[in-house]
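The structure appears below as structure tokens.
Just so it is clear: chains get the letters A, B, ... in the order the sequence lines come, proteins before strands, and each one is counted from 1.
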There are 2 protein chains.
Amino acid sequence: MEVRRVTIKDVAEAAGVGVATVSRVLSGGSASPETRERVLAVAAQLDYRPSALGRNLRQRRTGGIGLLVPDLTDTFFGQVAEGVLACARSAGEPVVVGSTGDDPEQEAELVGMLLEQSVDRLVAVPSGGAETWLPVTRAGMTVVFADRLPGGPADDGLPGSTADLMLLDGIPARPPARAVADVPAVLADDRSGIRTAVRYLHGLGHRRIAFLGGPGHDRRVAAFREAVGAPVDEELVVFATGSRDSAYAAASGLFQSRPDLTAVLAAGNMLGEAAVLAARELDLRVPRDVSLVMYDDVPWAELCSPPLTVIAQPGRDIGYRAAELVLRGTGRRPRGVTLPTELIVRGSCGPRH
Amino acid sequence: MEVRRVTIKDVAEAAGVGVATVSRVLSGGSASPETRERVLAVAAQLDYRPSALGRNLRQRRTGGIGLLVPDLTDTFFGQVAEGVLACARSAGEPVVVGSTGDDPEQEAELVGMLLEQSVDRLVAVPSGGAETWLPVTRAGMTVVFADRLPGGPADDGLPGSTADLMLLDGIPARPPARAVADVPAVLADDRSGIRTAVRYLHGLGHRRIAFLGGPGHDRRVAAFREAVGAPVDEELVVFATGSRDSAYAAASGLFQSRPDLTAVLAAGNMLGEAAVLAARELDLRVPRDVSLVMYDDVPWAELCSPPLTVIAQPGRDIGYRAAELVLRGTGRRPRGVTLPTELIVRGSCGPRH
DNA sequence: CTGAAAGCGCTAACAC
DNA sequence: GTGTTAGCGCTTTCAG
């Protein structure tokens with residue numbers, strides 16, 4: 001059943017040359033036109049495929065790149081993944097994917113697995129903080145973060161002094177350690193996206209705007225705080241964990257504890273989904289009773305009624321660019337790239353009532 | 001920068017034993033308790049990770065399993081992928097993922113890449129027909145299909161004689177070649193799902209029910225034809241290619257060419273999305289003017305208004321079971337498994353008007 | 001119970 | 001130009 005693979009030796013024998021010659025020909029080295037032709041012909045005829053295992057082992061190089069996302073069921077991360085896969089394919093590189101469930105432990109475990117596979121280039125939407133990522137970069141992995149940055153070790157969501165922290169897009173990123181802070185990242189311009197949304201809501205007359213966030217939305221809260229200006233009503237800032245249940249609970253709790261809020265900004269599409277559901281359950285009409293802006297322009301945003309006003313970020317591009325960075329080895333110039341967001345106004349926001 | 005990996009040799013030296021001993025200890029072989037302890041200690045201290053490359057090369061075994069899906073942006077396939085990843089992780093196996101875009105050519109290319117990586121176990125939602133898959137199985141790959149079966153070579157969607165074809169779930173699957181027909185598959189019980197939905201619509205008084213399908217929905221049309229019984233109005237059976245645009249065009253065209261239809265069955269969530277959009281664009285009210293049943297119970301189905309009545313199939317389970325099968329080597333007894341579907345009635349269907 | 005040695009498929013020196 | 005050879009890190013006989 002297990003058909004023995006055709007090896008370079010087989011090709012060499014069949015072509016009446018040495019293995020080195022075959023290797024050279026196949027990797028575009030020098031060879032007499034005649035030999036080259038013969039080898040190529042034989043290789044094709046035998047349907048020879050060089051074993052990546054052998055090659056990688058010999059070259060002590062990695063095969064492929066790794067991709068870690070929190071949840072492939074989330075359309076946005078699906079977009080990111082598609083971007084990474086597209087770029088990797090065009091480079092002929094395989095992609096080993098892992099889903100972390102937004103759990104630092106699973107994330108660490110998956111990284112270990114990648115290391116074992118000699119995959120030393122990684123695109124990650126990080127869940128864990130510096131304590132997870134410091135060892136990884138130190139292990140010699142080339143990593144590029146996508147969509148978000150690792151949170152600080154003490155992830156209380158409430159950065160204390162924001163004064164002497166490194167600024168990325170002007171948002172305190174609380175770089176937990178030098179090495180991790182130097183990891184390039186491909187991010188959406190959260191600051192501008194959130195600011196635009198908040199201004200839009202302001203313009204509509206809203207004053208009590210809630211923020212509904214999830215894991216990894218540190219930069220977005222920070223941007224929210226900045227955009228709102230003045231002291232933020234802390235009760236209006238709530239966080240869920242990664243699950244749908246948790247998102248729903250957070251949204252529902254928010255609406256019930258603060259019936260006076262007039263608008264909510266959901267920092268991710270799962271949060272947005274939860275907000276719509278919770279609002280409906282509580283007989284809150286959108287946008288009459290409450291206005292809603294959601295992060296991520298997923299296809300179904302348009303199907304809601306009313307269609308959801310969203311902050312669109314280019315998931316696919318984020319993935320593609322991250323893969324590009326990691327593939328080109330991120331030569332010095334580690335600073336990553338920031339992609340634009342866009343406020344797409346549909347029907348889920350109205351004037352304050 | 002590139003830190004040399006700790007190899008088995010390093011561990012052996014540090015522990016004052018031979019490499020063979022280290023290997024044995026780490027793979028649970030025999031060794032004196034004392035030696036074992038020492039080796040384990042040293043390995044842990046050095047943070048030694050055996051290289052999968054070396055191991056796999058030596059054992060001429062594959063590392064990991066492959067996963068090929070049409071599009072990770074489609075929530076359903078995201079669920080399937082999550083299932084596969086979950087199973088693979090619990091088995092400690094890495095997963096190499098590829099997105100085919102429902103294009104047989106890309107699919108073939110990706111399979112080639114997997115072969116090169118020595119990945120010889122594959123879970124696939126197939127796009128190509130027998131001509132793609134026959135060579136693959138013959139190359140010695142262990143493959144398990146998920147969610148659908150490869151279509152016939154002449155994929156006209158209109159099987160001619162259904163008499164002497166192999167029946168799977170009683171649906172003509174048009175097995176294009178012995179080898180491919182023997183590939184195990186994990187499928188949802190499309191036949192029952194579709195039948196239930198059609199009966200439900202019948203019960204509501206609908207007689208002109210349209211079928212909106214996409215790539216890989218051969219079994220579903222077949223089930224539709226069977227459920228409707230009698231000769232089906234062929235104008236009411238339309239197919240889109242994989243893209244969202246195509247789906248929209250198909251849906252829109254259907255509504256316009258046959259304004260007399262009263263219900264539509266969308267064979268996948270992207271088709272359902274398109275149907276909702278097209279209906280809205282044409283000022284068709286759901287369910288007053290047209291009833292809609294969609295395949296796949298994606299989270300947003302509930303967010304639509306009215307919430308969509310769906311045929312739910314367990315995407316995650318499908319992926320998980322498929323991975324299980326491919327991991328346990330699918331010992332003889334290739335027949336796969338069929339998982340139940342469920343009609344979830346929400347608000348998108350009403351009595352015929 | 002343990003070590004030495006042979007190779008898995010490949011590439012990169014190094015000879016010819 | 002082309003062949004020979006020495007490993008890459010690992011497991012697995014085969015002796016001791």
Identify each donor-acceptor pair in which a side-chain atom of residues 90-111 of chain B lies under 3.5 Å from a protein atom, sequence neighbours left out, and give them as a table.
residue  : atom : partner  : partner atom : Å
B/Ser90  : OG   : B/Cys87  : O            : 2.8
B/Glu93  : OE1  : B/Gly64  : N            : 3.3
B/Glu93  : OE2  : B/Arg121 : NH2          : 3.3
B/Ser99  : OG   : A/Glu82  : OE1          : 3.2
B/Ser99  : OG   : A/Glu82  : OE2          : 2.6
B/Ser99  : OG   : B/Pro70  : O            : 3.3
B/Thr100 : OG1  : B/Val69  : O            : 3.4
B/Thr100 : OG1  : B/Asp102 : N            : 3.1
B/Thr100 : OG1  : B/Ser127 : OG           : 3.3
B/Asp102 : OD1  : B/Ser127 : OG           : 3.2
B/Asp102 : OD1  : B/Arg148 : NH2          : 2.4
B/Asp103 : OD1  : B/Glu105 : N            : 2.9
B/Gln106 : OE1  : A/Arg89  : NE           : 3.4
B/Gln106 : OE1  : A/Arg89  : NH2          : 2.5
B/Glu107 : OE1  : B/Ser127 : N            : 3.4
B/Glu107 : OE1  : B/Gly128 : N            : 2.7
B/Glu107 : OE1  : B/Trp133 : NE1          : 3.4
B/Glu107 : OE2  : B/Ser127 : N            : 2.7

Just distance, no hydrogens or angles: give the donor-acceptor pairs under 3.5 Å from side chains in residues 51-58 of chain B, sequence neighbours left out.
residue : atom : partner : partner atom : Å
B/Ser51 : OG   : B/Leu53 : N            : 3.1
B/Ser51 : OG   : B/Gly54 : N            : 3.1
B/Asn56 : ND2  : B/Ala52 : O            : 3.2

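A donor-acceptor contact under 3.5 Å links the side chain of A/Arg24 to the base of D/dG3.
Within the 3.5 Å criterion, the main-chain N or O of A/Val19 finds no donor-acceptor partner in the side chain of A/Ser23. The backbone N or O of A/Ala15 lies less than 3.5 Å from a partner atom in the side chain of A/Arg38, making a donor-acceptor pair. Looking at A/Thr35, its side chain never comes within 3.5 Å of a backbone N or O of A/Ala31 through a donor-acceptor pair. In terms of modelled atom types and a separation under 3.5 Å, the side chain of A/Arg49 and the main chain of B/Glu116 share no donor-acceptor contact. At least one donor-acceptor pair under 3.5 Å links the side chain of B/Arg5 to the backbone N or O of A/Leu115.
Atom CG in B/Leu115 sits roughly 14 Å away from atom P in C/dG9 (whole-Å rounding). Rounded to whole Å, atom P of C/dC8 lies 16 Å from atom CZ of A/Arg58. One atom, CD1 of B/Ile8, and another, P of C/dA6, lie 17 Å apart when rounded to the nearest Å. The separation between B/Glu13 atom CD and C/dG3 atom P is 13 Å, rounded to whole Å. Here the P atom of nucleotide C/dC8 and the NZ atom of A/Lys9 are 6 Å apart, to the nearest Å. Atoms CG (A/Leu57) and C1' (D/dG7) sit 9 Å apart, rounded to a whole Å. For B/Gln59 and D/dC8, the CD to C1' distance is 16 Å, given to the nearest whole Å. A/Leu26 has its CG atom 16 Å from the P atom of C/dG9, to the nearest Å.
Within the 4.0 Å cut-off from OP1 or OP2 of C/dA12, not a single side-chain nitrogen or oxygen of A/Ser23 is found. Here B/Arg60 reaches the OP1 or OP2 of C/dG9: one of its side-chain N or O atoms lies under 4.0 Å away. Applying the 4.0 Å criterion to OP1 and OP2 of D/dG3, one finds that A/Thr21 has a side-chain N or O inside that range. Between B/Thr7 and D/dC8 there is no side-chain polar atom (N or O) within less than 4.0 angstrom of OP1 or OP2.
Residue B/Ala31 is in sugar-phosphate contact alone, with no base atom involved, counting any heavy-atom pair closer than 4.0 Å across all strands shown. Heavy atoms of A/Ser27 sit nowhere under 4.0 angstrom from any nucleic acid atom.
With C/dA6, D/dG3, D/dT2 as the choices, the nucleotide that has an atom nearest any side-chain atom of A/Val17 turns out to be D/dG3.
Within residues 45-56 of chain A, the residues having any heavy atom closer than 4.0 Å to DNA chain C are, in order of number, A/Tyr48, A/Arg49, A/Pro50, A/Ser51, A/Gly54, A/Arg55.
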